[in-house]
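Structure first, commentary second.
What you see is a predicted model, and the numbers here were worked out from it, not measured in a lab. Hydrogens, waters and symmetry mates play no part in the numbers below; they use all other heavy atoms, side chains included. We number each residue from 1, following the sequence as shown.
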Amino acid sequence: MRQLSDYELVQATRALRRILDGAMFLPGEECYDIERLSWNLGIDPRPAIVAEAAGPRDIRAAVLVARAHGLPFAVQGTGHGTIVPADGGLLLKTSLLCDVEVNPERCTARVGAGALWSDVIAAAAPFGLAPVSGTASIGVVGYTLGGGVGWLSRRYGFAADSVLRAEVVTADGRSVVASAEENPDLFWALRGGGPGFGVVTELDFRLYPVAEVYAGMALYPIDRAGEVLRRYRDWAATEPDDVTTAVTLLRMPAAPHLPEALRGRRMLAIRALSTTGDGPLQPLLAAAGEPVSGGFGMMSFADTTAITGPPPPPMATLQRFDFLDEAGDGLLDVLLEAELPAVELRHWGGAMGRPGPDAGPAGHRDAPFSVMAVAPYDVAGGRAGAKSTVDALAARLRPFVSGGSFLNFLTDAGCTESAFTPANYRRLAQLKAVWDPDDFFSVGHTVVGARAAALSAVK
C-alpha cells in the first residue's frame with residue numbers, strides 16, 4: 001500500500017474525527033506514545049492515527065475511513081497479539097468495549113471486542129462456570145480468533161471450538177452476524193482463521209461447569225530435568241483428557257525479590273491443571289520429587305493464576321513455537337542443553353484432537369507435543385543476542401519439528417500458512433477472496449486470498 005501524503009493524512013484525520021465518538025491520538029500529541037505501543041516492546045509501531053473505539057459504531061467508522069483514504073488498518077485489544085507494526089496506518093483500540101454478559105441457564109457468555117479473560121472468569125465464577133481461557137490479562141477476541149489453547153483445552157477443545165456467534169464489521173464496512181445459521185462460511189473462518197476476515201465487535205461462546213480444580217506450578221532442581229522430561233513424554237501417552245500440563249526449563253532472573261536459592265539459577269517447572277483432583281497427576285509429580293518452590297492444591301478456577309503467576313509486564317521478547325511429531329530422546333537432549341530464559345514442552349491432544357464435524361480451521365489437531373522458546377532481550381546482549389540464541393535452538397530442533405505452528409504463538413507473519421493444514425488453508429484463501437477481496441485486513445496474521453495469490457503468481 002502506497003505512502004499517503006501529508007494532505008491525505010489530514011483529510012483522513014478530519015473525516016474520522018467528524019464521526020468518531022471515542023478519542024484520537026496523533027503523532028506528537030500527549031498519550032500518543034503510550035497508546036501506540038503493543039505488549040511486546042520489541043515492536044515499535046508508528047501509526048498515523050490511533051483511534052479508541054467508544055462503541056461498536058466506532059469500529060465501523062474506523063474501517064470505512066481507513067478504506068476510503070487508503071490507510072493500512074490494524075486492531076489492538078491488549079496488544080499481546082501484535083506481531084507487525086501498523087506504521088503509517090490507523091490503529092484501532094478496542095479495550096473500552098469490555099462488557100461481559102453471562103447466561104447461567106444456557107452456560108454461555110457474550111463479550112465485547114475488548115473484554116479480557118479476567119473479566120469473563122470473574123463473571124462466570126459465581127455460577128460455577130468457566131471459559132476455555134488463556135492468561136487472564138489477554139483479550140478474549142484476539143485469543144479466540146487465533147484458535148485459543150488454554151488449561152481446559154484437553155477437556156473441551158480450543159476456545160474457537162466453543163464459539164457460537166459473532167458480530168463482525170467486514171472489510172466493506174457492513175455489520176453482519178456469523179453463526180451456524182447466518183454466514184456459516186465466515187463463521188467457520190473466524191473459529192481459528194485469524195483476524196483477516198473482519199473486526200469482531202461481539203462474541204458468544206460456551207462456558208463449562210468447572211468450579212474447582214487441582215492446579216498449580218512448582219519449581220524443581222534442574223538435575224531432575226532429564227528424568228522428568230522422559231517420564232513426562234512417556235506418561236503423556238496415558239494422560240487423561242481432564243488434565244493439561246506443561247514442563248518448562250527456566251533461567252530464573254537474579255532479582256532481589258526472589259529467594260536466594262532461586263536467583264539466577266536454572267530450574268525445572270511443572271504447570272498443571274486437573275478437573276478431577278490430584279490422582280491423575282501423581283505419577284508425574286512423584287517423578288519430579290520435592291519442589292524447591294510452589295506446589296499444587298485444590299482451588300477455584302478463578303484462582304488458577306497460580307499456574308502462571310502474575311501477568312508479566314510489557315517487555316521486548318523473541319519467541320519461537322513448533323509442533324513436534326514426537327518427543328524422542330534426541331529432542332529432549334536438545335531442550336536440556338538449551339541456554340534460553342524459557343523453553344517449554346507441552347502435551348496437546350485430548351478434545352483438541354477430536355474436532356466436531358463443524359469445527360473451524362484452528363490448529364494442527366493431530367500434533368502430540370509442542371516446544372516453545374522465549375527470550376526477553378531488554379538485558380545484556382539485546383535483540384541480537386536473543387535472536388542468535390533462539391536461532392541456534394531452532395537449528396538444533398529442525399530435525400524434530402513437524403513444520404506446523406499455532407497462530408496464537410506464531411510471531412512471523414510470513415509463516416501464517418504453517419498454522420493450518422493444507423486443506424484448511426486453501427479454504428481460508430477462498431473465503432478471504434470472498435470476504436476481503438482487496439486484502440484490506442492485511443496487517444499481522446492474515447491469509448492471502450485466492451485472487452491475490454493468483455495475481456501475485458501472474459506478476
Between [atom1] of [X] and [atom2] of [Y], what distance do you get to the nearest 0.5 Å?
X      : Y      : atom1 : atom2 : value
Asp366 : Asp325 : CG    : CG    : 8.0 Å
Leu186 : Phe197 : CG    : CZ    : 8.5 Å
Leu335 : Leu324 : CG    : CG    : 8.0 Å
Arg427 : Asp185 : CZ    : CG    : 7.5 Å
Ile49  : Thr13  : CD1   : OG1   : 3.5 Å
Leu331 : Arg233 : CG    : CZ    : 9.0 Å

Problem - Sequence neighbours excluded, every pair satisfying side-chain hydrogen bond (donor to acceptor under 3.5 Å, both in side chains) that has a member inside residues 37-60 - result: Asp21-Arg57, Arg36-Asp44, Asp44-Arg46

Fill in the blank from the handout: The complete set of side-chain hydrogen bond (donor to acceptor under 3.5 Å, both in side chains) pairs with one or both residues in residues 402-423, sequence neighbours excluded, reads Thr416-His445, Thr421-Asn424

Handout entry: Full working for side-chain contact (heavy atoms from CB on, under 4.5 Å) between Val120 and Ser133
Key = CA-CA 9 Å; Val120 180; Ser133 55; over 6 Å; no

Exercise for the section: Please determine which of Arg206, Arg365, Arg155 meets the salt bridge (charged side-chain N to carboxylate O under 4.0 Å, His left out) test together with Asp161. Expected result: Arg365

Exercise for the section: Evaluate the criterion side-chain contact (heavy atoms from CB on, under 4.5 Å) for residue pair Val141 and Val199; output intermediate values, then yes/no. Expected result: CA-CA 9 Å; Val141 169; Val199 184; over 6 Å; no

Quick one: does [X]'s side chain have a donor or acceptor within less than 3.5 Å of a partner on [Y]'s backbone?
X      : Y      : value
Arg231 : Ala287 : no
Thr144 : Gly148 : no
Asp436 : Phe441 : yes
Gln319 : Phe409 : yes
Gln76  : Leu37  : yes
Glu182 : Ser179 : no
Thr135 : Ile138 : no
Arg191 : Phe187 : yes
Asn183 : Val177 : yes

Over all heavy atoms of both residues, which pair between [X] and [Y] is shortest? Give the atoms and the distance, please.
X      : Y      : answer
Ala53  : Ile59  : CB-CG1, 4.1 Å
Val65  : Ala12  : CG1-O, 3.6 Å
Pro85  : Val443 : O-CG1, 4.4 Å
Ala215 : Thr304 : CB-CG2, 4.3 Å
Ala189 : Pro361 : O-CG, 4.0 Å
Ala359 : Trp188 : O-NE1, 3.0 Å

Could you check if a side-chain atom of [X] sits within less than 4.5 angstrom of a side-chain atom of [Y], using non-hydrogen atoms only?
X      : Y      : value
Leu207 : Thr108 : no
Val228 : Tyr220 : no
Thr245 : Ile270 : no
Thr78  : Ser137 : no
Met252 : Leu219 : yes
Leu410 : Ile83  : no
Leu152 : Phe301 : yes
Val213 : Trp151 : no

Would you be so kind as to tabulate the donor-acceptor pairs closer than 3.5 Å made by side chains of residues 340-354, with sequence neighbours excluded?
from	atom 1	to	atom 2	distance (Å)
Glu344	OE1	Arg346	NE	3.4
Glu344	OE2	Arg271	NH2	2.3
His347	ND1	Glu239	OE1	2.5
Trp348	NE1	Ser370	OG	2.8
Arg354	NH1	Asp241	OD2	3.2
Arg354	NH1	Gly350	O	3.3
Arg354	NH2	Asp241	OD2	2.5

Practice task
List the steps, then state whether side-chain contact (heavy atoms from CB on, under 4.5 Å) holds for Asp119 with Val111.
Solution key: CA-CA 9 Å; Asp119 301 324; Val111 306; over 6 Å; no

Handout entry: Basic-acidic side-chain contact under 4.0 Å: Asp439, Lys432
Key = yes

Practice task
Output yes when Glu202 and Arg165 qualify as a salt bridge under the 4.0 Å nitrogen-oxygen rule, no when they do not.
Solution key: yes

Give a yes or no on this: more than 12 heavy atoms of other residues, nucleotides or ligands lie within 6.0 Å of atom [atom1] of [X].
X      : atom1 : answer
Arg106 : CZ    : no
Asp172 : CG    : yes
Glu30  : CD    : no

Problem - Pairs meeting criterion ring pair (Phe, Tyr, Trp, His ring centres under 6.0 Å) with involvement of residues 153-185, two or more places apart - result: Tyr156-Tyr208, Phe158-Phe406

Exercise for the section: If a pair satisfies ring pair (Phe, Tyr, Trp, His ring centres under 6.0 Å) and one of its residues is in residues 97-127, list it, with sequence neighbours excluded. Expected result: Trp117-Tyr143, Trp117-Phe205

Fill in the blank from the handout: Across all chains, not counting sequence neighbours, the side chain to side chain contact (heavy atoms under 4.5 Å, CB included) partners of Pro280 are Pro240, Val243, Ser274, Thr276

Exercise for the section: Could you walk me through whether Leu407 and Phe420 pass side-chain contact (heavy atoms from CB on, under 4.5 Å), step by step? Expected result: CA-CA 8 Å; Leu407 211 59; Phe420 305 101; 4.0 Å; yes

